[in-house]
Number of protein chains: 2
Amino acid sequence: MQDPCQAREVLGIVGDKWALLIVRMLKDGPRRFTELKRGIDGISQRMLTVTLRDLERDGILTRTVRTVMPPHVSYELTTMGRTLREATAPLLEWSITHLPHIDAARAEYDSR
Amino acid sequence: MQDPCQAREVLGIVGDKWALLIVRMLKDGPRRFTELKRGIDGISQRMLTVTLRDLERDGILTRTVRTVMPPHVSYELTTMGRTLREATAPLLEWSITHLPHIDAARAEYDSR
DNA sequence: CGGGATCCGGCGGGATACTG
DNA sequence: CAGTATCCCGCCGGATCCCG
């Protein structure tokens, strides 16, 4: 709670603008690569791949490959991933409720 | 809760790796520029200025200037800023408790 | 003290083409 | 379908100098 250095490391995960969106998309169970790509508006296939690898490396999610044709790869939150998802839930709720205020504040700031 | 587009906008704030650290530093009341610079390890003067401006623009904090010599500028969370701080608290707690696990997961992943 | 202005190097990340 | 590989541009952000 009082160690800023530790907090900084985690912001390497959380600060990634795609990571939290991926974690959020996995909250109701495993998803396939293409499902994630369709569900996360604007993400390139490259960034989806890279971010998924990072999250797998960090132990946030697991990658399961079914070697058939066509391939079938699914991603699922680990136990730790689910706790992360819970920890970020308040933040996402905050987002929804306060975005109008933020937009208003910006508009007013810019008008000066 | 179910609008990913809105969530993305807020990640513009949260995704900034310095923003949350600044918000966190202001949780116990107003701080001066130099206090923040000293308190946030590794931040450059430029990024501190830029990030503070952005947060002011978004209505997260206020900037108060006392025109004396030497100048005295203090930053303080707005009401909305304090709610953001509360919303991010679980995430910071999560950080502290899970960082060892993340490091372990990384080490194991890299060893393969 | 708390910035603003400028320069510039690195890399984040998009677009495209190719594979098992 | 789920990637990898390559190219390449933009801008993030550090370093430095100046100012009220």
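Quantities reported herein were computed from a predicted structural model and do not represent experimental measurements. Order of the sequence lines fixes the chain letters, A, B, ..., with proteins taken first and strands second; residue numbering starts at 1 for each chain.
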Between side-chain atoms of residues 47-58 of chain A and protein atoms elsewhere (two or more places apart, or another chain), which donor-acceptor pairs fall under 3.5 Å?
| from | atom 1 | to | atom 2 | distance (Å) |
| --- | --- | --- | --- | --- |
| A:Thr49 | OG1 | A:Gln45 | O | 2.9 |
| A:Thr51 | OG1 | A:Met47 | O | 2.6 |
| A:Arg57 | NE | B:Asp110 | OD1 | 2.9 |
| A:Arg57 | NE | B:Asp110 | OD2 | 3.4 |
| A:Arg57 | NH2 | B:Asp110 | OD2 | 2.7 |
| A:Asp58 | OD1 | B:Arg106 | NE | 2.5 |
| A:Asp58 | OD1 | B:Arg106 | NH2 | 3.3 |

Between C1' of D:dG3 and NZ of A:Lys37, the distance in whole Å: 12 Å

Closest nucleotide among C:dT16, D:dG14, D:dT16 to the A:Gln45 side chain: C:dT16

Expected output: side-chain B:Glu86 to main-chain B:Thr83 donor-acceptor under 3.5 Å: no

Main-chain N/O of B:Pro30 paired with B:Ser74 side-chain donor or acceptor, under 3.5 Å: no

Stretch residues 51-67 of chain B: residues that reach within less than 4.0 Å of DNA chain C through a heavy atom: B:Arg53, B:Arg63

Donor-acceptor pair, side chain of A:Lys37 and main chain of A:Ile43, under 3.5 angstrom: yes

Residue that, paired with A:Leu61, satisfies side-chain contact (heavy atoms from CB on, under 4.5 Å) out of A:Leu84, A:Val23, A:Leu26: A:Leu26

Atom-to-atom span, CG of B:Leu48 to P of C:dG4 - whole angstrom: 11 Å

Sidechain-backbone polar pair: B:Lys27 side chain, B:Arg85 backbone, donor-acceptor under 3.5 Å: no

Distance in angstrom units between B:Phe33 CZ and C:dC1 C1', rounded: 9 Å

Length of the CZ-P vector between A:Arg31 and D:dC1, whole Å: 17 Å

Whole-Å gap separating C1' (D:dA2) and CZ (A:Arg38): 13 Å

Nucleotide C:dC1, atom C1' - distance to CG of B:Leu36 in whole Å: 13 Å

Aromatic plane relationship, A:His98 with A:Trp94 - under 30° parallel, 30 to 60° tilted, over 60° perpendicular: parallel

Separation of D:dG13 C1' from B:Ile40 CD1 (nearest whole Å): 15 Å

Short side-chain N/O contact from B:Arg46 to OP1 or OP2 of C:dG3, under 4.0 Å: no

Closest listed nucleotide, where the reference is the side chain of A:Trp18 and the choices are C:dG14, D:dG3, D:dC1: C:dG14

Position toward the 5' end of DNA chain C (nearest nucleotide), A:Met69 or A:Met47: A:Met47

